[in-house]
Amino acid sequence: GTSTDTSSPDPTTAEETTSAPAESESASEEPSESPSEGGSEGAGDVPQGDGTQTIYLVSKGFQHRFWQAVREGAEQAGEEFNYKVEFVGPQNETQVTEQLNMLKTALDSKPAAIGLAALDSGAASDLLDQIEAAGIPIIAFDSGVDSDIPLTTVQTDNYAAAQAAAEHLVELIGGQGTVGLICHDQTSQTGKQRCDGFKEYMAENAPDVTVLPEQIAGEVGLAANAAKSMIQANPDMVGLYGSNEAAATGAVQGAIESGNSELKVVGFDSGKTQIDAIKNGQQAGAVTQAPIKMGYETVVAAIKAINGQELPEVIDSGFAWYDASNIDDPEIAANLYE
Amino acid sequence: MSTTEETKTEVEHEAKKEGRSGSSFQQLLVLLALVAIYVFFMFAAPNFAQLGIAIDILSQSAYIGVMALGTTFIIATGGIDLSSGTGMSLMAVAAGIFLAAPPYWNLPLGAGLLLVLLVGALIGAINGANVAILGLPPFIATLAMMMAARGLALVISQTQTISIANPGYKNLVQGNLIPRFELGGSTIAIPNSVLIFILLAIVAAFLLNKTLLGRYALAIGSNEEATRLSGVNVRFWKMMVYIVGGLFVAIGAILYSGRFGFVQPSEGVGFELNVIAAAVIGGTSLSGGRANITGTVIGALIMQTLTKGLQMMGLRQEWQLVVTGVVVLIAVLIDIQRQRRANAA
Amino acid sequence: MSTTEETKTEVEHEAKKEGRSGSSFQQLLVLLALVAIYVFFMFAAPNFAQLGIAIDILSQSAYIGVMALGTTFIIATGGIDLSSGTGMSLMAVAAGIFLAAPPYWNLPLGAGLLLVLLVGALIGAINGANVAILGLPPFIATLAMMMAARGLALVISQTQTISIANPGYKNLVQGNLIPRFELGGSTIAIPNSVLIFILLAIVAAFLLNKTLLGRYALAIGSNEEATRLSGVNVRFWKMMVYIVGGLFVAIGAILYSGRFGFVQPSEGVGFELNVIAAAVIGGTSLSGGRANITGTVIGALIMQTLTKGLQMMGLRQEWQLVVTGVVVLIAVLIDIQRQRRANAA
Amino acid sequence: MAKLLELKNVSKTFPGVKALQNVHLDLNEGEVLGLCGENGAGKSTLMKVLTGIYTPDPGAEIWLDGKQVEVKDVNHARDLGLSIIHQELNLVNDLTVAQNLFLGRPGSHKGGFINDRALEERAAELFDRYGMRIDPRARMGSLTVARQQMVEIARALSYDSRILVMDEPTAALTGVETERLFELIRDFVSPTTGLIYISHRMPEIAEITDRVSVLRDGEYVGTVVTDEVEMREIVSMMVGREVSAEARPRTKRLSDEVVLKVSNLSSKNLLHDINFEVREGEILGFAGLVGAGRTEVARCVFGADARTSGDIEVRGKRVRIHNAVDGVNAGIGYLSEDRKQYGLLLDQSISDNAAMATMEKFHTAGYIHDDKIEKIGKEYSKKLRVRTPSVAQLIRKLSGGNQQKVVIAKWLIRDSDVLIFDEPTRGIDVGAKEEIYELLDDLSRQGKAIVVISSELPEVLRVSHRIAVMANGRITGFLDNEEATQANIMELATVGKPVVEGAHS
Ligand SMILES: Nc1ncnc2c1ncn2[C@@H]1O[C@H](COP(=O)(O)OP(=O)(O)OP(=O)(O)O)[C@@H](O)[C@H]1O
Ligand SMILES: Nc1ncnc2c1ncn2[C@@H]1O[C@H](COP(=O)(O)OP(=O)(O)OP(=O)(O)O)[C@@H](O)[C@H]1O
Ligand SMILES: O[C@H]1[C@H](O)[C@H](O)OC[C@H]1O
Ligand SMILES: [Mg+2]
Ligand SMILES: [Mg+2]
């Protein structure tokens with residue numbers, strides 16, 4: 001994991017990150033590289049389309065800015081290789097059935113390939129069978145599914161990323177004190193992994209850190225209120241973690257409003273408000289995924305699948321820790337979205 | 001005279017509402033709206049014009065539709081049920097707990113299903129008791145239940161997705177009692193959920209129009225005090241109506257969870273609005289006293305056809321929301337205008 | 001002209017029955033419920049017993065509370081507004097577009113705020129027109145608007161978070177017109193949002209009790225036909241009520257977005273239920289004709305106190321939901337029981 | 001000289017109903033014009049056309065002071081000097097009396113701001129002027145129907161209109177208030193004003209009107225000068241046959257067996273130690289002034305209201321009655337005085353309404369036999385002469401009197417042992433009234449125990465074998481029909497009440 005190493009102040013985390021999944025040629029090592037560069041690297045073996053074929057991506061929603069970034073990456077690849085890209089997702093990230101209806105619609109519209117960011121890892125198995133039977137290649141992205149039908153999975157290792165956030169927080173607070181977490185969701189795999197990764201890291205590696213029971217809030221306003229309540233109820237709190245864009249933004253807001261400027265807040269993902277907060281010191285740092293790259297690589301993988309090319313089992317789109325010190329580094333900046 | 005006409009017809013409108021189930025002309029109009037929407041998508045959405053898509057729409061609207069059948073009774077009494085969405089999650093989670101493999105209870109299918117219905121009846125009975133006995137406004141009673149059910153679904157599932165491997169369960173909903181058949185070169189399979197939906201619609205129509213339950217529900221919605229003074233045990237029948245509502249939600253939960261064989265405890269928030277919208281688009285009056293089962297079915301189909309068609313058109317999500325809002329409005333408006341015109345005569 | 005004892009008592013008795021805003025005893029009861037909840041948390045939640053927390057509760061309930069003030073008028077007419085939640089998002093996004101730095105419009109604060117209010121009035125007017133002129137049931141008219149507003153918020157924001165750097169904007173909501181002061185060793189700062197909430201509550205109470213708007217809203221909710229036959233232009237006043245509702249939502253949107261200084265287009269879904277619950281807990285009757293501004297304020301505070309207290313107790317989210325459901329139920333139940341007892345008397 | 005008002009060629013068609021056909025009507029200055037006709041004859045509809053609520057069919061003409069006008073809406077009607085007291089109360093229950101009086105009225109606010117104090121003062125003055133004792137601050141919904149009616153009257157009078165229409169204003173009033181109303185009418189009529197008075201009570205017509213116009217089946221029959229004709233002539237113009245007035249019951253009670261026995265009944269506010277019995281085949285009348293508590297007795301016995309004490313026995317057995325279901329199960333039927341609020345499902349059909357109290361006869365294991373319901377609906381519609389195109393017609397579309405007949409049908413079908421009729425002929429025309437009296441006689445012959453509450457003394461005398469008179473929540477005496485006269489009933493009704501509430505100052 002080269003880039004992750006360089007961008008992270010602590011190489012061990014990054015080592016973990018990239019070594020866990022099966023090594024893959026294209027993506028995992030270059031998580032922070034801009035997608036077009038990443039693409040151009042493999043451009044030789046990505047065949048151009050004729051502009052008539054559609055790649056249909058079913059995402060988790062459009063509630064978070066994150067998905068807009070994924071979409072941008074996907075559309076960028078579509079343009080570059082002359083494929084049409086459809087990008088849909090349910091209204092919020094609990095609507096599994098709605099997502100499956102969308103997947104069914106995707107199947108009905110007979111695209112050249114389908115991408116799926118599954119809200120639930122088990123729910124889609126029937127539809128995956130049908131998609132396979134229809135001879136449409138399917139690529140998983142963002143989150144995997146419990147099935148070997150998808151030809152590959154383009155994803156962040158959320159568990160490892162959460163551990164990285166925890167590790168940085170431990171360092172920021174000097175290894176002791178009370179910390180809280182705001183998790184954006186308690187039922188999805190992503191939500192759980194980001195909560196569990198954080199908590200388990202603390203349990204295993206930070207004996208002097210007390211972790212408060214998590215509050216769940218997937219919207220900024222609610223997260224802000226929850227964070228503030230948590231801080232007020234526990235004046236000894238020294239650190240706070242928010243598990244996605246909304247939760248982290250809310251955590252920062254809660255910290256600001258509570259007037260506790262000592263509190264170290266670490267987050268997940270980016271977005272304008274988190275970036276601003278990190279720049280002006282209200283937030284210590286965050287883990288970013290590589291959403292644009294994730295979208296880009298998903299489409300590239302789909303094109304390869306359409307053309308019968310081999311794909312690795314997992315394409316790790318990577319993650320990176322960023323803070324005020326490296327936020328403007330080109331490798332980091334490329335993964336941040338406003 | 002033209003300006004006068006409007007205010008006057010409004011007064012007259014008050015004076016002449018439709019009967020218990022609205023006219024057959026009304027049902028025709030809602031049906032026409034559905035057909036119009038359908039035909040529109042046949043031209044506007046690629047690949048929409050297949051029998052398979054129509055079956056999809058039917059099966060995807062089944063659980064909302066079934067819940068809407070029950071809610072129709074509740075609305076007929078002048079009540080409302082905001083707890084159907086999260087109540088559905090709770091019952092689906094219950095189904096998971098009863099039927100999934102250990103550590104869950106792994107009960108035989110029949111017993112599990114019965115218990116789910118029981119949970120549905122219980123939730124309905126609590127709503128019913130709050131409304132009929134304690135006298136809470138249905139909006140508040142079911143709003144409280146909506147919150148509580150959401151919490152409980154998360155509590156009892158321990159926020160885990162539960163997958164129900166029981167093949168009989170999935171088959172109940174997804175299987176094909178009607179054997180697959182060939183038509184125009186493609187294989188047509190009608191999932192049982194569609195049959196269940198149709199069957200329950202017939203049952204609901206029978207209950208509403210031909211039994212004491214329906215008659216008293218409408219009477220209560222029409223004039224509760226007069227119904228009470230006619231010697232009708234209003235509390236009892238209201239309770240029954242909410243229990244029936246709960247049972248339909250339970251069946252909705254089975255259709256929902258059986259479709260994919262898994263249960264997600266936090267889904268279902270907001271479904272209640274689609275459920276209510278289906279009933280109201282179909283001509284059931286929110287002030288009670290007028291209800292219409294065929295209309296409810298068509299209402300559910302309109303909602304699902306819209307969703308499916310707009311998705312297949314590849315319209316951006318945000319525009320889908322806008323369009324759905326506008327079409328729901330127009331669909332109900334047609335009904336309103338028709339009533340007015342009939343009255344203006 | 002002598003009068004017997006009996007006649008006197010009868011007249012007095014009739015006069016003592018509740019007027020249009022419920023008895024003061026009722027307001028007392030809801031207030032008692034709030035106090036009970038508050039006292040409970042003083043013991044149950046660590047560090048809850050601070051003035052700062054109370055101010056927090058006030059300021060965090062401000063935007064829901066302000067929207068509830070407007071919705072109280074709508075409910076007074078027997079209507080309902082399901083579009084306040086997503087409508088708030090839409091108006092917040094509008095605020096962002098008007099006030100944020102280029103590529104947005106970067107208007108002066110006053111102009112921007114005025115435009116936001118205009119958007120609020122417009123949304124209200126569309127709801128009003130759908131209800132009052134086209135005759136759509138308020139539930140459906142505002143449900144459609146709820147969907148459309150959500151979509152539009154995403155469309156016009158291009159699903160971007162918009163940050164409003166304008167310092168005046170944030171100061172308007174977050175600043176302290178009342179200078180900070182020391183109390184018991186800690187600095188107390190009352191954010192302007194709290195003042196705005198209180199001020200608007202007074203305005204709303206005045207509008208409801210002392211102006212034609214409130215009078216006609218209540219009259220329409222109590223007996224629309226009789227009000228029409230009294231020569232009141234029911235359509236016009238219903239329109240006005242929905243416009244006022246929209247204006248309050250706009251102010252809610254300003255309070256909401258001003259708190260953060262940025263606007264997220266997809267928030268606000270489901271807020272409408274909290275808004276309605278605040279009004280109803282406060283004693284406003286969903287069937288119209290009876291409304292109570294003080295009650296609405298207390299209702300909003302009850303909801304926020306609960307949230308805050310349960311969060312500070314560190315209760316798990318799912319249990320928070322269950323408890324909130326049950327407490328809402330009990331709060332309304334107290335009111336209902338009181339009414340019953342009063343009527344039985 | 002031009003007439004104050006002339007209606008020419010007025011027709012009004014509702015879907016399936018021709019309510020008015022080429023009706024003519026004229027009103028002179030300084031005159032009270034009676035408007036008579038059977039239930040459903042079109043009286044209310046004609047007045048709604050006049051006051052801008054309904055649009056007539058094309059061709060209708062309305063002339064005021066010799067000028068043709070087109071009445072656009074309620075406010076326009078008022079501007080033209082036309083106001084109306086509707087047959088049904090049109091009040092806003094959640095507002096106070098004063099607020100109701102000034103609702104929608106110009107001058108009730110200053111630039112949108114309302115001063116309730118001032119309104120209350122003006123209302124108090126108004127009530128003073130009209131001699132009514134009503135608290136302006138009382139919530140409308142807390143008043144009895146009679147008082148509400150007085151408020152309606154005060155409101156209509158206070159508009160200082162030139163033409164005032166009163167559509168059955170006394171249906172909820174007893175004799176004393178009616179007398180008071182007549183004084184108000186006489187005060188109102190001046191050389192420049194006129195009043196149209198609709199009533200089914202012929203003595204009132206005789207007393208207050210100068211001329212009477214008659215409608216039948218939506219058509220204009222004719223106009224007579226009141227002093228020149230006998231009332232029965234007007235009645236025969238209305239119904240096309242003779243109907244007797246001044247009569248007494250034609251039956252006797254069947255046996256001495258007590259069917260209903262009420263002892264020591266008291267309620268929280270009003271009733272005090274009520275005791276009475278009704279025997280097999282007996283009709284017990286209840287007379288009294290408005291607010292005497294007759295309705296409350298009925299509701300407490302039936303179970304619709306709570307009582308603080310009192311035993312109820314049906315055929316010698318003590319019955320437990322806590323709500324209306326208990327009442328019905330114990331064999332008691334109660335026909336409420338307020339049909340719209342407590343009696344009818346306005347948006348359901350005649351048959352469904354008629355069957356509502358007897359559903360157990362029309363279902364098997366929950367399955368409803370609609371054919372039987374329709375049959376019984378038809379049978380009773382015919383028996384009671386309900387004027388309707390079909391029994392599937394919604395109640396809302398019937399005239400007030402026809403609606404009343406459907407409520408009566410409901411309880412006749414129920415066939416309870418004990419029947420309590422609270423103002424059973426409210427709004428019923430003279431012809432139909434006689435039919436209802438005959439029905440009561442029939443029921444008596446069948447051995448039912450019947451209570452009839454009525455505010456019309458002739459009616460009480462016509463139907464009751466015995467008369468209980470109430471005042472201030474107590475029974476002040478019983479009279480046998482033979483000894484009863486309007487005078488001695490009134491004496492008992494005013495015991496301990498030098499001043500009659502509501503209507504007198
Ligand atoms: N809104 C309506 N729709 C349909 N039919 C109506 C409507 N209003 C009145 N009618 C019919 O018109 C006819 C005249 O009714 P109207 O109320 O004028 O009678 P009325 O003379 O006032 O009788 P009553 O003495 O019983 O009050 C009746 O047959 C009635 O059924
Ligand atoms: N002192 C009082 N306080 C409150 N309510 C009263 C009082 N007196 C009478 N009422 C109301 O009026 C009713 C008593 O009048 P009720 O209707 O029984 O009299 P009634 O003789 O039937 O007269 P009406 O002709 O008005 O029906 C009670 O039901 C009660 O609601
Ligand atoms: O899967 C998650 C995604 O990676 C991003 O962090 O936003 C929330 C979730 O949808
Ligand atoms: Mg009439
Ligand atoms: Mg009475």
Side-chain angles (χ1 to χ4, degrees), chain B residues 6-7 10-11 13-15 78 80 82 86 130 134-141 143-159 265 269-270 273 276-277 280-281 285-287 316-333 336-337 339-340, chain C residues 78 80 82 86 130 133-141 143-155 157-159 224-225 228-229 233-235 265 269-270 273 276-277 280-281 285-287 316-333 336-337 339-340:
Chain B
E6 276 137 32
T7 36
E10 203 168 327
V11 174
H13 168 69
E14 271 307 302
I80 200 156
L82 295 178
T86 61
N130 283 332
L134 298 181
L136 284 162
F139 193 97
I140 286 294
L143 176 68
M145 178 58 84
M146 171 195 193
M147 298 193 256
R150 172 140 196 244
L152 286 174
L154 290 165
V155 168
I156 66 171
S157 66
Q158 301 178 288
T159 72
V269 178
L273 294 177
I276 296 166
V280 177
I281 291 173
S285 156
L286 279 167
S287 43
R316 280 186 78 109
Q317 204 95 45
E318 45 271 35
W319 282 111
Q320 288 185 25
L321 282 165
V322 177
V323 172
T324 307
V326 173
V327 174
V328 164
L329 215 130
I330 293 173
V332 178
L333 195 60
I336 302 279
Q337 289 302 330
Q339 278 181 47
R340 282 215 183 159
Chain C
I80 199 156
L82 296 179
T86 60
N130 283 330
I133 298 176
L134 297 180
L136 284 162
F139 193 97
I140 285 295
L143 177 67
M145 178 57 83
M146 170 195 191
M147 297 194 255
R150 171 132 205 250
L152 287 175
L154 291 163
V155 168
S157 67
Q158 302 180 286
T159 69
E224 182 165 342
E225 183 65 14
R228 183 177 292 123
L229 290 177
N233 189 339
V234 168
R235 287 182 177 186
V269 178
L273 293 177
I276 296 166
V280 177
I281 291 174
S285 157
L286 278 167
S287 42
R316 285 187 70 101
Q317 152 93 0
E318 48 270 35
W319 284 111
Q320 289 184 22
L321 284 164
V322 177
V323 173
T324 308
V326 173
V327 174
V328 164
L329 214 129
I330 294 173
V332 179
L333 196 59
I336 300 282
Q337 289 302 331
Q339 276 181 51
R340 280 217 184 154

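Numbers restart at 1 for each chain; the letters A, B, ... are given by sequence-line order, proteins then strands.
For C/S285, the side-chain contact (heavy atoms from CB on, under 4.5 Å) criterion is met by C/S287, C/R290, not counting sequence neighbours.
With values rounded to the nearest 0.5 angstrom, C/Q317 atom CD is found 6.5 Å from B/R150 atom CZ.
The nearest pair of heavy atoms linking C/A277 to B/L143 is CB-CD2, 3.7 Å.
Of the listed residues (C/I80, C/V323, C/V280, C/L321), the greatest number of heavy-atom pairs within a distance under 4.5 Å of chain B belongs to C/L321. Your options are B/L82, B/V269, B/N130, and the one with the most heavy-atom pairs under 4.5 Å with chain C is B/N130.
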*Would B/L154 and C/R316 satisfy side-chain contact (heavy atoms from CB on, under 4.5 Å), going step by step from the backbone distance to the final call?*
CA-CA 10 Å; B/L154 290 165; C/R316 285 187 70 101; over 6 Å; no
Next on the checklist: Under the criterion side-chain contact (heavy atoms from CB on, under 4.5 Å), I'd like the reasoning laid out for B/M146 against C/L273: C-alpha separation, chi angles, the key distance, then a yes or no.
Outcome noted: CA-CA 11 Å; B/M146 171 195 193; C/L273 293 177; 3.4 Å; yes
What donor-acceptor contacts under 3.5 angstrom involve side-chain atoms of residues 325-333 of chain C, with partners at least two apart or in another chain?
none

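For B/L286, the part lying near chain C is the side chain, with the backbone staying farther off; criterion is any non-hydrogen pair under 4.5 Å.
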